[in-house]
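Quick note on labels: first sequence line is chain A, next is B, and so on, each numbered from 1.
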Protein chains: 2
Amino acid sequence: MPEFRNDNELQKALRGAGLRPTRQRMALAELLFGQGDRHLTAETLHEEAQRNAVSVSLATVYNTLHQFTEAGLLREVAIEGSKTYFDTNTSDHCHFFLEREGTLEDISPEAIDFNRLPEPPAGMKISRVDVLVRLVEQD
Amino acid sequence: MPEFRNDNELQKALRGAGLRPTRQRMALAELLFGQGDRHLTAETLHEEAQRNAVSVSLATVYNTLHQFTEAGLLREVAIEGSKTYFDTNTSDHCHFFLEREGTLEDISPEAIDFNRLPEPPAGMKISRVDVLVRLVEQD
DNA sequence: ATTTGTGCAAATCGTTTGCATCTGA
DNA sequence: TCAGATGCAAACGATTTGCACAAAT
């Protein structure tokens, strides 16, 4: 859950990841990390950038999201369907998925607890456990 | 986990789902349900059909997979990335995902056990819990 | 005969890429 | 200066759709 108080910290974070703190990356990072935890797609972020008079191409948004993900600043969330979601909360946690709206919400890590996890097959190890709790309207 | 001993049972199942037992649907159903639990994509199934001299168009494979899913004969599995996977095992279970190969394996239901599940927000209920255990080679 | 399904090719959607241009160190 | 970034438009892969034809009831 990266947290940045000012542009200097942000610049340092980008530099630390081997990324030049360009105008576009700084602007996107501010949108991404400036308002708590968020779940968004490339399109969402692109639109938001335009609304905020930040001029970035969609291609750059994609590039940036992937670079930030590699740098550990974002996490990809696997949902069925076409779009890729990015989560600004990179800590270990699960998600609610509102099926009607197609949106994600974090679940606090304490709210889910495993009794047992399966043994990985020989030669393999668990890299991550994704849990998606699907929600629908109550009938 | 649908199980069909012969074409008659299969026909009945399709009819029960409001689907005409056409040549193509019967052939695809045999491929899908004739050999235990499977995880496949539209392309996979299409190729397999061609290898078995079953002539179906890719569009029909897509249609059929979705119709079978709606009918409860298949289950979609959410993986990140482009392709959609279908699982012939419709019972409640989790998956291993082999990241290197991009393939799925069932996990026996007993191997995973939740201590606690989160309370759904007001007015919502849990429709399903998807668990994906990601595996990588041991280092 | 009427309804439903099929195949093909074109259309769509999200995403990626090639390449010329620009920018930050 | 010059590697690295950006933007645009074209390319792409998976999936969907429109429509004429074929098959099932």
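The CG-C1' distance, from L19(B) to dT6(C), rounds to 14 Å in whole Å. If you take OH of Y62(A) and P of dC13(C), they are 13 Å apart, rounded to a whole angstrom. Atom-to-atom, CD of Q11(B) to C1' of dT25(D) comes out at 13 Å; the value is rounded to the nearest Å. Computed from coordinates, the I79(B) CD1 to dG13(D) P distance equals 21 Å when rounded to whole Å. Distance, K83(A) NZ to dT15(D) P: 16 Å, rounded to whole Å. With rounding to whole Å, R25(B) atom CZ is found 10 Å from dT6(C) atom C1'. Atom CG of L14(A) and atom P of dG4(D) are 16 Å apart (whole Å). In this structure, L58(A) places its CG atom 9 Å from C1' of dG14(C), rounding to the nearest Å.
Look at T84(B) and you'll find a side-chain N or O under 4.0 angstrom from OP1 or OP2 of dT15(D). For S57(B) and dG7(C), the shortest distance from a side-chain N or O to OP1 or OP2 is below 4.0 Å. For the pair T60(B) and dG7(C), the criterion of a side-chain N or O lying under 4.0 Å from OP1 or OP2 is met. In terms of phosphate contacts, R15(A) brings a side-chain nitrogen or oxygen within less than 4.0 Å of OP1 or OP2 of dA25(C). The side chain of T22(A) contributes no N or O atom lying less than 4.0 Å from OP1 or OP2 of dG4(D). At the phosphate of dG7(C), OP1 or OP2 sits under 4.0 Å from a side-chain N or O atom of Q24(B).
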Could you go through the side chain to side chain donor-acceptor pair (under 3.5 Å) check for H93(A) and D87(A) one step at a time? CA-CA 11 Å; H93(A) 67 288; D87(A) 188 347; 2.9 Å; yes

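Where R20(A) and R20(B) each meet DNA chain D at their nearest nucleotide, the meeting point lying more 5' is that of R20(A).
Just one residue in the list V133(A), T103(A), L104(A), V77(A) forms a side chain to side chain contact (heavy atoms under 4.5 Å, CB included) with F97(A), and that residue is L104(A).
Residues that satisfy the side chain to side chain donor-acceptor pair (under 3.5 Å) test with D130(B), not counting sequence neighbours, are R134(A), R128(B).
Contact annotation: side chain of R23(B) to base of dA22(D), donor-acceptor pair absent below 3.5 Å.
The shortest side-chain heavy-atom distance between L19(A) and R15(A) does not fall under the 4.5 Å cut-off.
When the nucleotides dG7(D), dA14(D), dT4(C) are ranked by their closest atom to the side chain of E43(B), dA14(D) comes out on top. The side chain of A59(A) lies closest to dT17(C) when the candidates are dT17(C), dT17(D), dT25(D).
Contact annotation for H66(A): backbone-only contact, meaning every heavy-atom pair under 4.0 Å involves sugar-phosphate atoms and none involves a base. Looking at heavy-atom distances under 4.0 Å, S55(B) makes contact with sugar-phosphate atoms alone, never a base.
Closest approach of L32(B) to R38(B), counting heavy atoms only: O-CD, 3.6 Å.
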